[in-house]
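Everything numeric in this text was worked out from a predicted model, so none of it was measured. All values below were derived from every heavy atom in this structure, side-chain atoms included, with hydrogens, water molecules and symmetry-related copies excluded. Just so you know, ligand 1 is whichever comes first in the structure, and atom 1 is the first atom listed for that ligand.
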Amino acid sequence: MARKKLIAANWKMYKNPTQTEEFFRAFLPLVFEHNRDEIVVCPPYVDLQAALESAKGSQIAVGAQDVYWKDEGAFTGEISSAMLVAVACTHVIVGHSERRQYFGETDDTVNLKLKSALEHGLTPIVCVGEVLEEREAGLTEDVLRRQCLRAFNALSAKKAAKLVIAYEPVWAIGTGKTATPQMASDVHQLIRGEAAKAFGEEFAAQLRILYGGSVKPENASALMSEEEIDGALVGGASLDAKSFAAIVKY
Ligand code: 13P
């Protein structure tokens, strides 16, 4: 069975609720009845309600950009999977490189967050990827193997059924530099291999692996036509309704 592609917007720390509504007003008509792929928009927490209201009745799903692994408690500033489910969020990004770089996210916290998201029925989009120094030192494969192994720790194929991975080479994020379709494809194969080791061949064959890092309307088609690339995680180019629609319709 062919894997249905997933095109996801990561708005990072951009847009307020009013701007979120404006985005959807412009975006929805552009992708009306476009059901070829799954579409998800991940705005900041404070915009979730506006996004969910705006997307109601459309094929667009709404996700969060991070989650904490406990259900509730004295954890000032955090949001749980249970809370995301309660507001009707269906997806969540876990382990984005910016969280790893600036907010102390580790392979172990990624694993805890992933397990929490799965337990609550969310679709987690787990980000992995090497930084420039690692690529230049020939460490790309080691880094990705470690990130996958640690993220998948103590999970079964059954529990991990909804897992989605996003390969985001950190040197390609917000830099205008994109991995070539071939480079991305090679890494995706490696990730699929790790998933096969952890969860079996059948699981790995169904696993969706997205590419992220300077995806734009101009390069979306070349990237998406790679057999190994099952969608995109889009930052900057997802903030504008026209440009994100053009990517969705690559
Ligand atoms: P850009 O598309 O802005 O490079 O960001 C990619 C990204 O980090 C998506 O999560």
If you count the atoms of ligand 1 from 1 in the order shown, which ones are under 4.0 Å from a heavy atom of [X]?
| X | value |
| --- | --- |
| A172 | 4 (O) |
| S214 | 1 (P), 2 (O), 4 (O) |
| E168 | 6 (C), 7 (C), 8 (O), 9 (C), 10 (O) |
| N10 | 9 (C), 10 (O) |

Counting both backbone and side chain atoms, is some N or O of [X] under 3.5 Å from an N or O of ligand 1?
| X | result |
| --- | --- |
| V234 | no |
| H96 | yes |
| L233 | no |

Listing, residues 241-250 side-chain donor-acceptor contacts under 3.5 Å, not counting sequence neighbours, or none:
unit_1	atom_1	unit_2	atom_2	d
S243	OG	A237	O	2.4
K249	NZ	L30	O	2.4
Y250	OH	D37	OD2	3.2

Looking only at protein heavy atoms, which one is nearest to [atom], and what is the separation?
| atom | result |
| --- | --- |
| atom 2 (O) of ligand 1 | G235 N, 2.9 Å |
| atom 5 (O) of ligand 1 | K12 NZ, 3.2 Å |
| atom 3 (O) of ligand 1 | G236 N, 2.8 Å |

Contact with ligand 1 for A237, non-hydrogen, under 4.0 angstrom: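 Flag not set, A237 not near ligand 1.
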Residue of the set R192, R3, Q182 for which side chain to side chain donor-acceptor pair (under 3.5 Å) holds with E228: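 For E228, the side chain to side chain donor-acceptor pair (under 3.5 Å) test succeeds with only one of R192, R3, Q182, which is R192.
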Note, L210 side chain near L6 side chain (heavy atom, < 4.5 Å):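 In short, these two side chains touch, coming nearer than 4.5 Å.
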Contacts of type ring pair (Phe, Tyr, Trp, His ring centres under 6.0 Å), residue W11, not counting sequence neighbours: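 W11 satisfies ring pair (Phe, Tyr, Trp, His ring centres under 6.0 Å) with F23 only.
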